[in-house]
Amino acid sequence: MQSVARNFFTLAVIYSLCGMALGLHMAISQDHGQMPTHAHTMAAGWLMSAVFAFFYHLFPAVGQKTIAVVHFWLTAISGIGLMIGLFVMLAGNPAIEPVLAIASISFYAAMLLFAFIALPAVWKKA
Ligand code: HEM
Ligand code: HEM
């Protein structure tokens, strides 16, 4: 696996371990107050990062580009900000909301960047 693919896969596994630990905590404590944090860590964290990892594994030449490295770091930083911000907010700290807003918009920007990276690669004639 080349480095962007490997980084995304590692990030995915870290999200899955944190998200499932939170799921277990919610189930054991019978307090589902962090459900949106768990849901996003699993779906937007574990599943999306794994999809990105396999995309760059399937298109290794695209993963060599600097823009792919930018995509990884923008996704990782905004995503981690989103999950931590959500956790802090749902723990009863609404003052964190501006951080959450910036992280959400950056996470969307990272997805937009992925559209520019991935769509030309998949539509390219062999
Ligand atoms: C150790 C394993 C897991 C535990 C203990 C666990 C626990 C939970 C709990 C307690 C809820 C809240 C349910 C509710 O309040 O209605 C929940 C929701 C959710 N979980 Fe998990 N979960 C686990 C693994 C996963 C995995 C592997 C995924 C996805 C890949 C996932 C995705 C979700 C999603 C998307 C929701 C929100 C569902 C909704 O919108 O109603 N969970 N989980
Ligand atoms: C820009 C990033 C995103 C923002 C701002 C966002 C925002 C939200 C909001 C406001 C809700 C409703 C929460 C509630 O009613 O408690 C929600 C629910 C949900 N979102 Fe997202 N979302 C984002 C990205 C994603 C992505 C990329 C995925 C999946 C790959 C996802 C999966 C879900 C799921 C499964 C739920 C239902 C579970 C729940 O109620 O917490 N979201 N999201």
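When a ligand or atom number is given, it counts from 1 through the structure's own listing order. For this chain, numbers begin at 1 and follow the sequence in order.
- With respect to atom 14 (C) of ligand 1, the closest heavy atom belonging to the protein is His32 ND1, 3.4 Å.
- The nearest protein heavy atom to atom 33 (C) of ligand 2 is closer than 4.0 Å.
- For atom 11 (C) of ligand 1, the closest heavy atom belonging to the protein is Met26 CE, 3.5 Å.
- Atom 30 (C) of ligand 2 is approached by the protein to below 4.0 angstrom, counting heavy atoms only.
- Atom 28 (C) of ligand 2 has its closest protein heavy atom at Ala44 CB, 4.0 Å.
- Using a 4.0 Å cut-off to heavy atoms of Pro36, the atoms of ligand 2 that qualify are 16 (O), 41 (O).
- The side chain to side chain contact (heavy atoms under 4.5 Å, CB included) search around Phe114 returns Phe52, Phe55, Tyr56, His71, Met111, Ala118, not counting sequence neighbours.
- Looking only at heavy atoms of the protein, atom 36 (C) of ligand 1 is closest to Ala39 CB, 3.9 Å.
- Of the protein's heavy atoms, Met42 CE, 3.6 Å lies nearest to atom 26 (C) of ligand 1.
- The shortest contact between atom 2 (C) of ligand 1 and any protein heavy atom is with Met20 CE, 3.8 Å.
- In this structure, Gln34 contributes its side chain and Phe87 its backbone to a donor-acceptor pair below 3.5 Å.
- In this structure, atom 9 (C) of ligand 2 has no protein heavy-atom contact shorter than 4.0 Å.
- For atom 39 (C) of ligand 1, the closest heavy atom belonging to the protein is Met35 CE, 4.0 Å.
- Looking at Ser104 next to ligand 2, no N or O pair under 3.5 Å apart turns up.
- A donor-acceptor pair under 3.5 Å is formed between the side chain of His40 and the backbone N or O of Pro36.
- Of the protein's non-hydrogen atoms, the one nearest atom 27 (C) of ligand 2 is Met48 SD, 3.3 Å.
- Applying ring-ring contact (aromatic ring centres under 6.0 Å, His included) to Phe54 and the options Phe59, Phe9, Phe8 leaves one that passes, Phe9.
- Remark: His57 engages Met1, Ala5 in a side chain to side chain contact (heavy atoms under 4.5 Å, CB included) (not counting sequence neighbours).
- In this comparison of Gln34, His38, His40, the heavy atom closest to atom 42 (N) of ligand 2 sits on His40.
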